[in-house]
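Remarks on the structure that follows.
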Amino acid sequence: MTQKKFEFAPMPDQNGYFGKYGGQYIPENLKKAMDDIDKAYEEIIQRKDFQDELNYLFKYYVGRPSPIYHCRRLSDFCGGAQIYLKREDLNHTGAHKINHCLGEALLAKYMNKKKVIAETGAGQHGVALATACALVGIKCEIHMGEVDIKKEHPNVCKMKILGADLVCVTRGTKTLKDAVDSAFEEYLKNPDEFIYAIGSVVGPHPFPKMVRDFQSIVGREAREQFIEFNGELPNAVLACVGGGSNAMGIFTAFLEDGDVRLIGVEPAGRGLDTPDHAASITKGSEGVIHGFRCYVLQDEKGEPLPVYSIASGLDYPGVGPQHCYLKDLDRVEYVSVDDKECLDAVITLSRKEGIIPALESAHAVAYAMKIAGSLPKEQTLLVNLSGRGDKDLDFIMNVLGMK
Ligand SMILES: *Cc1c(COP(=O)(O)O)cnc(C)c1O
């Protein structure tokens, strides 16, 4: 098969832009701190001892490479294209987030930082980071809204058992937005000794680049594994998009393979024509959020709108800048899947393959199921299964009335 080639200059540019997206829309003191991290990062990732240690931990701690798996029964059920999964759900801690959290924690250690600071919403980023910091041996401080602390009991317990300092944020709406502000304030008290760890390919430069680089192991493995398995590349690669880290992780290795369709799946929640969704690329407009330019779901004043998805890991009103750029270039197709289709995919994948996916990942599975039937049997769809459903069991039982 002759492959169409896409060519990209290295991204982002010197100033942290992907086309017109990304950058650093932050105060001067924070800009200096971010530039220091960028400079240190560019030096440290070149070091053999850093790469060796990270690769060692990926292999023996995370359990990489994660397998790719051909879903025969699910594919037969859908009656068309063959569906494959990249099993990030099998990583230690059960999702892809450990990949970039380990990278960030290790970077902190190599930069001789004393404390890693982050915010968390549902607690997934907090748990992955607390895990990585425990392993690397560095102090970890997680800011979390009081409302979220009450909702997310198992994750709160995990962070505490792992030794993280949990800061309960009681200002404002007592949720993620206020946790971000609280965590940044603490960080700015001493940016020389502290480092901030962002949970997706979002935030000011260099975070979208760093998090993407740490996640790109997923696509490098998957591309090689798929060729070994099938002798050729998949026809399409799919991933769910919240901030966009698991999607950038798998897409990066395929960006230049012009014949491989790349499909990002956003959460349509209760419907794109209701306010209850989080489809930032599909329905948002250009704006600035949390220090970077991207598509944002915003009101007339540029304030982020409240967003919603059945999957708490996807309900963010912005999206990674590289996704916005790839959307404008038409290199990636962005589509959406609603709550009902997501739940249907959870149950179908569980009963056809014995794999219970995270609600987030089920969005990508749902879209693969939706298009498989209309594609020929020889076609192949590779889905990034970003995480396992253990964290969602009670919720799924409740909404489906199975209790
Ligand atoms: C956090 C999370 C996501 C969403 O984050 P991205 O940065 O868009 O990948 C997706 N899947 C799982 C399992 C998650 O925990």
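Whatever order the structure lists ligands and atoms in, that order sets their numbers, starting from 1. Each residue takes its place number in the sequence, starting with 1.
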Checklist entry - Which one of Leu314, Asp315, Asp276, Thr274 satisfies the side chain to side chain contact (heavy atoms under 4.5 Å, CB included) criterion with Tyr308? => result Asp276
Checklist entry - Is it the case that Arg47 places NZ or CZ above or below the six-membered ring of Tyr110, under 6.0 angstrom from the centre and within 45 degrees of the axis? => result no
Checklist entry - Got a donor-acceptor contact below 3.5 angstrom from the Glu119 side chain to the Gly145 backbone? => result no
Item to check | Listed partners of Tyr41 passing ring-ring contact (aromatic ring centres under 6.0 Å, His included), at least two apart | outcome: Phe214
Output block, N or O contacts of ligand 1, threshold 3.5 Å exclusive:
unit_1: ligand 1; atom_1: 7 (O); unit_2: Ser200; atom_2: OG; d: 2.6
unit_1: ligand 1; atom_1: 7 (O); unit_2: Gly244; atom_2: N; d: 3.2
unit_1: ligand 1; atom_1: 7 (O); unit_2: Ser245; atom_2: N; d: 2.8
unit_1: ligand 1; atom_1: 7 (O); unit_2: Ser245; atom_2: OG; d: 2.7
unit_1: ligand 1; atom_1: 8 (O); unit_2: Gly242; atom_2: N; d: 2.8
unit_1: ligand 1; atom_1: 8 (O); unit_2: Gly243; atom_2: N; d: 3.2
unit_1: ligand 1; atom_1: 8 (O); unit_2: Gly244; atom_2: N; d: 2.8
unit_1: ligand 1; atom_1: 9 (O); unit_2: His96; atom_2: NE2; d: 3.1
unit_1: ligand 1; atom_1: 9 (O); unit_2: Ser245; atom_2: N; d: 3.4
unit_1: ligand 1; atom_1: 9 (O); unit_2: Ser245; atom_2: OG; d: 3.2
unit_1: ligand 1; atom_1: 9 (O); unit_2: Asn246; atom_2: N; d: 2.8
unit_1: ligand 1; atom_1: 9 (O); unit_2: Asn246; atom_2: ND2; d: 2.8
unit_1: ligand 1; atom_1: 11 (N); unit_2: Ser386; atom_2: OG; d: 2.7
unit_1: ligand 1; atom_1: 15 (O); unit_2: Lys97; atom_2: NZ; d: 2.6

Checklist entry - Can you list the residues that meet the ring-ring contact (aromatic ring centres under 6.0 Å, His included) rule with Phe77, with sequence neighbours excluded? => result none
Item to check | Set of residues satisfying ring-ring contact (aromatic ring centres under 6.0 Å, His included) with respect to Phe395, sequence neighbours excluded | outcome: none
